[in-house]
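I have placed the structure first, in the form of structure tokens, so that the comments after it can refer back to it.
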There are 2 protein chains.
Amino acid sequence: METEMTCERPEVTERIAARGLRPTPARCRIVTLLLDTHEHYTPEEMLQALRQQGEPMSIATLYQNLAKLSEAGVIGRFVGPDGVSRYDAVTDPHHHLICEVCGRMVDVRAAGPLEKIRPEPVFPDDEGELARWQVKARKVEFTGVCPACQARLERAS
Amino acid sequence: METEMTCERPEVTERIAARGLRPTPARCRIVTLLLDTHEHYTPEEMLQALRQQGEPMSIATLYQNLAKLSEAGVIGRFVGPDGVSRYDAVTDPHHHLICEVCGRMVDVRAAGPLEKIRPEPVFPDDEGELARWQVKARKVEFTGVCPACQARLERAS
DNA sequence: ATCATTGCAAACTGTTTGCATCAAG
DNA sequence: CTTGATGCAAACAGTTTGCAATGAT
């Protein structure tokens, strides 16, 4: 039972250390997993993935480290439409494209005049107040049908 | 202990019945609350609001009815950034403007060439697959600072 | 020696379900 | 009389925390 003291990959070690966290084995495994896939894992899914790699981890340790890593900006975190936290390796602001059939989600950038999109009131009474908001950012959630589901739907029709 | 058999307001009764649900007292109170405010209530907040109006309700009844009402399209539902469900009276597709300081959220429409905003890959490997997605909708989450928080921040500086 | 990390178990929060009671069609 | 609504209590799922053992500096 040898204990690996740092990550195998210097890339990972550096990424963690750069944010002032110690690159412990648990953290390295988490970050490596996220970097190698472009998945948006829930904690539970990560646990399974790590278990399959023969590198299991306590659920408490996982949650503790996910919190630290995401607070430090080493990994990204958001809450899915089902209310469950999800984590990914992309920390820069980005957007999501979600398949309305299977729920799959891919990271995307938004091309086009995003800054030109402005909020306007749904309720007329909000008009005045809305004008005094300072709008700083826009995040777009694209929904549609992924290629795999399009094929499946066609076949079924 | 008289039992009100339908809503006081025909508007509310109709809205519920139009979707094939019986306008029971509990449902009427929920829908009335959402129509009268433009809040995005969590179930817990609704419970408090109803209690203050002297019309409390069992938490189970509340959850059961929120599920039915939102599935039937009588009310809108979404999951907030904290992972907690929130409900509002707006069922048409719309967008949100969120204060990054206090978390307040208002319903907005998106003005501008929203259809012109298109997803493009973050990872080059996704390029080919991304082109084959069928993009159907875009939802924008605006973030910024609300007038009240702007004032508070100014005062503090 | 000190401080951070790990991980088990227990606590907590938001949500759902089983079931008995009550009201409506 | 049959079906649906209510509400209490128990069950659940995701997440957090207390704490003791372990490992790193």
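What's counted below: heavy atoms across the whole structure, side chains too, no hydrogens, waters or symmetry copies. If you're wondering where the values come from, they're calculated on a predicted model, not measured in any experiment. Just so it is clear: chains get the letters A, B, ... in the order the sequence lines come, proteins before strands, and each one is counted from 1.
Distance, A/Gln48 CD to D/dG14 C1': 15 Å, rounded to whole Å. Residue B/Ile30 contributes atom CD1, which lies 12 Å from atom C1' of D/dA5 at whole-angstrom precision. The separation between B/Leu69 atom CG and D/dA5 atom C1' is 12 Å, rounded to whole Å. Remark: P of C/dG14 and CG of A/Asp82 are 17 Å apart, rounded to the nearest angstrom. Atom CZ of A/Arg22 and atom P of D/dG23 are 13 Å apart (whole Å). Between A/Glu55 atom CD and C/dG7 atom P there is a gap of 12 Å when expressed in whole angstrom units. Taking atom CG of residue B/Leu21 and atom P of nucleotide D/dT3, one finds them 18 Å apart after rounding to whole Å. Between B/Met57 atom CE and C/dC22 atom C1' the separation is 16 Å, expressed in whole Å.
Side-chain proximity of B/Arg27 to the nucleotides D/dT6, C/dT6, D/dA5 is greatest for D/dA5.
Distance check, rounded to the nearest 0.5 Å: CZ of A/Arg86 to CD of A/Glu45 gives 5.0 Å. With rounding to the nearest 0.5 Å, the separation of CG in B/Leu47 from CG in B/Leu62 is 5.5 Å. Here A/Phe142 contributes atom CZ and B/Leu130 contributes atom CG; the two are 9.0 Å apart, rounded to the nearest 0.5 Å.
The sulfur atoms (SG) of A/Cys7 and A/Cys28 lie less than 2.5 Å from each other.
The side chain of B/Thr61 places an N or O atom within less than 4.0 Å of a non-bridging phosphate oxygen (OP1 or OP2) of D/dG7. At the phosphate of C/dA4, neither OP1 nor OP2 sits under 4.0 Å from any side-chain N or O atom of A/Lys68. Checking the phosphate oxygens (OP1, OP2) of C/dA4, no side-chain nitrogen or oxygen of A/Thr24 falls inside 4.0 Å. In terms of phosphate contacts, A/Asn65 brings no side-chain nitrogen or oxygen within less than 4.0 Å of OP1 or OP2 of C/dT5.
The backbone N or O of A/Arg132 sits less than 3.5 Å from a side-chain atom of B/Gln150, completing a donor-acceptor pair. No side-chain donor-acceptor contact under 3.5 Å links B/Arg19 to the backbone of B/Leu69.
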Please tabulate, one pair per line, each protein N/O and nucleotide N/O from nucleotides 15-18 of chain C that are separated by under 3.5 Å, including the distance.
residue: C/dT15; atom: OP1; partner: B/Ser85; partner atom: N; Å: 3.0
residue: C/dT15; atom: OP1; partner: B/Ser85; partner atom: OG; Å: 2.5
residue: C/dT15; atom: OP2; partner: B/Tyr63; partner atom: OH; Å: 2.5
residue: C/dT15; atom: O5'; partner: B/Tyr63; partner atom: OH; Å: 3.4

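Using a 30° and 60° split on the angle between ring planes, B/His40 and B/His96 fall in the perpendicular class, above 60°.
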